[in-house]
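Lettering of chains follows the sequences in order, A, B, ..., and the numbering in each one begins at 1.
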Amino acid sequence: MDAADFVNLLVSALLLAGIYAAMSVGMTIIYGVMKIVNLAHAGFLMLGAYYVLELHERLNIDPLVGSVLAFPVFLLAGMLVHWTLVKRIPVSDQPTLASLLLMFGLWLVLQNIGYLIWGSSDRSILTSRTLSSMHLGPITIPTVRVIVFIPAVCSLGLLEFVLRKTWYGRAVRALMQNRYAGRLAGIPVEKMARLTFGVGIGFAGAAGGLLAQLYSFSPDFGHGFLLRSFVIIVLGGLESFWGAAAGALVLALVETFSILVLPAGYQPAIAFSLLVLALVLLPGGIAGIFAKKHRWA
Amino acid sequence: MRAASTQMGRFLNYRVAGWGTLLIVLGILPWFGISSNLTRLLFTALVWIIASVAWNLLGGVTGQVSFGFAVFYGLGAYAAAMGINGGLHPLAAFTISGLVAALASIFIGLPTFRLRGPYFAIATIGVSEAVRVVMTNLSFTGGASGYRIAEHGRFRPLEHYYTALGFSAVAVVISAWIHESKFGLSLQAVREDEEAAADIGVNPLKAKLMVHLLAATLTGIAGGVYARYAAYIHPQGVFGFHTSVAILLMPIIGGAGTVAGPVIGGFVYGLVQEELVAAFPQFHLLLYGALLIVIILFEPRGVTGWLGRLRGFIERIWRKSATASVG
Amino acid sequence: MPPLLSVERLTKYFAGLAALKDVSFEVEEGQICGLIGPNGAGKTTLFSIIAGSVSPSSGTITYSGKDVTRWKSFQAVRAGVARTHQITRPFRSMTTRQNVEIGLHFGRGPASGSTWGEVAEILEGVGLGRVADRPAASLCVGDQKRLELARTLAAKPKLLLCDEVCSGLTETEMNEVLDLLRRIRGRGTTILYVEHNMRAIMSTCDQVVVLNFGEKLTEGPPLKIQNDPAVIEAYLGKTAAD
């Protein structure tokens, strides 16, 4: 491998990391505030993809604009899901099996509604950008990757800004650290949870739209990305956005560079193995979330 | 106290009688000239029941929700397939299915049982998907194109049917025994509060590993029985995520943590799925997803819970009308 | 005769903070040894280390002449050291009887093959006979405290670690529980007893160890402790602040 190849791989890993980070951030925020492992994330990624596809095909709306338009729609959908389903299960400081299975049931429903509406064949979004590429000296980059990378990173920056500078953001961060103290400090926990769930789903929908411009998809879309999202937030310590960004980078690097040592067929196994390794080998290592609860005096 | 124990004894007898009747009915059913299609449906349901009852031991009784039972089902299927092609007697091949799955359960359980609840569940998704990818690429099992069983002699559906019936009876007996035994008590204690269980002498890791091993063995056998019947298996099928999902949904919908629940769940799933899959391929999972949501929100004991409520309701009406007639 | 339990220079850090510093003491067989101290003194940490649910940063624990510093909790129970929890942790969906049965089976074992009578006896002993077949989740606070104790007793400990069994109980209930502890000791069980309630400690213990900020302040018989100026400052000073 010469230097140009290496730089090529590095650049594509970085571009991939951006979209991975945007993809997992919705899951991170829901986990952080509500301690819910959102398996339905995959379903909303898929719906986001079809939403952007339909806008593109029917109304001729550019998929990038479509992805941005997905955010408010999915935000409302998320709040509706919270209002109808999620708030009915007991809150807990630890993730519970009930919430996990509830979200899993929702994923099954969404996925199969997808099959009923769109059938099982693979779809993709084709624009003039899809096949073009950019050349920077010896480096070749598919244009669409760059174009998708930019809104992904912008949205992360925007979220970071909201979390740092607004009342909502400070409340979210307070709840992530200590739900009980947050309630004592007068944060309306239920309202915040609903809004947060909406934001998380909003990000999932938008990220689904972005991903749809890079990969073909079917109603089972999101399955592989769901597990990748897990890897990312587990690597990132589950509750921090910077951690998730770092996790996204690690996963993207490992996946991209593994083509040098692993046969292509085994590629998908990387994320899955990394997930198990991260869960088992980093207990409490990064953020200590599944460190055993010590019994204090 | 004496009254209580005889009452308990009578209750047990009723249950044994109920299960016995079910077994006999299923046993003599094929003699009444049922269609080959119905035999196929019942066979499928029985195989699912084995896996469903097995999952319930780990997921329902012990509270460790696994999305990874396709690993055991698939390994069992491949082990039996290769054993039969190697000239083994089917029962010997099924034994190997069980052993291979049991071995895998230890390799998977040792690291993942360090994780609690949802983390364990997620880790099992990872394990299961990784195994599927590996199996899709392994050349000696035929990779993605699958593996064919070449068994000599005529295809005898009833032989398959009775094999499945026999193993599902064994699974139910094991499940009933666990629900009554001191081992079962320790599993329930682990489900309720792992640390408190350790504080009165239960070794939680050992309990979980043992029940995982037992459940894996049964699931592996189910996979083997299915493989011999199907005569052709492939990784996307037996190792597929949907297989794990089916094995998880059946007991939860039937009623996790009960003896009858997983049987009901397996029966319904086996019959409904086979019929619906032909007509509306996606409809059954939509239905099961919705059912899962309803069960999590309203009735953790699933169908058995609803049956219990129905019985309570009928008993109340009965009592009311009885007192009314006396009055 | 060597002590049943001896703790030597036990130290535990949580995230760099010392919860226990160099704590040493001994418990003689047949004693009720009280362990007191203001909130956050390290009582429950010390307890958890002895019971095997937390491992210490340094120091040793010797039980019956054997080094048991880093044992696991289920090993501790089988060797005869069992604890109760300050905040009760019943197996909620199981009946009171089943809760006790688990302790009987997985502790030092039932007396005979049939456990029915023995469980009934334990339940009657703590006054839970009337709720034996109710799910543990449905018991009131006092009964849950009793169940916590019954379940632990069923494991037949030689050394019983009692964590605040009196908190949240009425005066009458408390006296019943204290009577029960004395009866348990009367059958030869050694008890290490953490308690906030000074009167409970003073009326039951033979020996009292006082912890403050993770260190041993002093130890001695209850009367001596009661009049120790250092204890009064650490303890009553806190009470006055309340």
Once you round to the nearest 0.5 Å, how far does [atom1] of [X] lie from [atom2] of [Y]?
| X | Y | atom1 | atom2 | value |
| --- | --- | --- | --- | --- |
| His105(C) | Ser181(B) | NE2 | OG | 9.0 Å |
| Arg89(C) | Asp193(B) | CZ | CG | 4.0 Å |
| Glu192(B) | Arg92(C) | CD | CZ | 8.5 Å |
| Phe106(C) | Asn203(B) | CZ | CG | 10.0 Å |
| Phe74(C) | Ser186(B) | CZ | OG | 12.0 Å |
| Gln188(B) | Ser93(C) | CD | OG | 6.0 Å |

Atom CD1 of Ile87(C): over 12 foreign heavy atoms under 6.0 Å: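 No, because the 6.0 Å sphere around CD1 of Ile87(C) holds 12 heavy atoms or fewer from other groups.
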Residue Arg130(C) excluded, over 12 heavy atoms near CZ under 6.0 Å: yes
Side chain Arg151(C), main chain Ile200(B), donor-acceptor under 3.5 Å: no
Glu101(C) side chain to Leu185(B) backbone, donor-acceptor under 3.5 Å: no
Asn99(C) versus chain B, the contacting section by heavy-atom distance below 4.5 Å: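 Just its backbone gets close to chain B.
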Shortest non-hydrogen contact between Asp199(B) and Ala82(C), atoms and distance: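 Heavy atoms only, the tightest pair is O-CB, 4.5 Å.
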Donor + acceptor pair across side chains of Ser53(C), Glu195(B) (<3.5 Å):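 Side chains of Ser53(C) and Glu195(B): no pair found under 3.5 Å.
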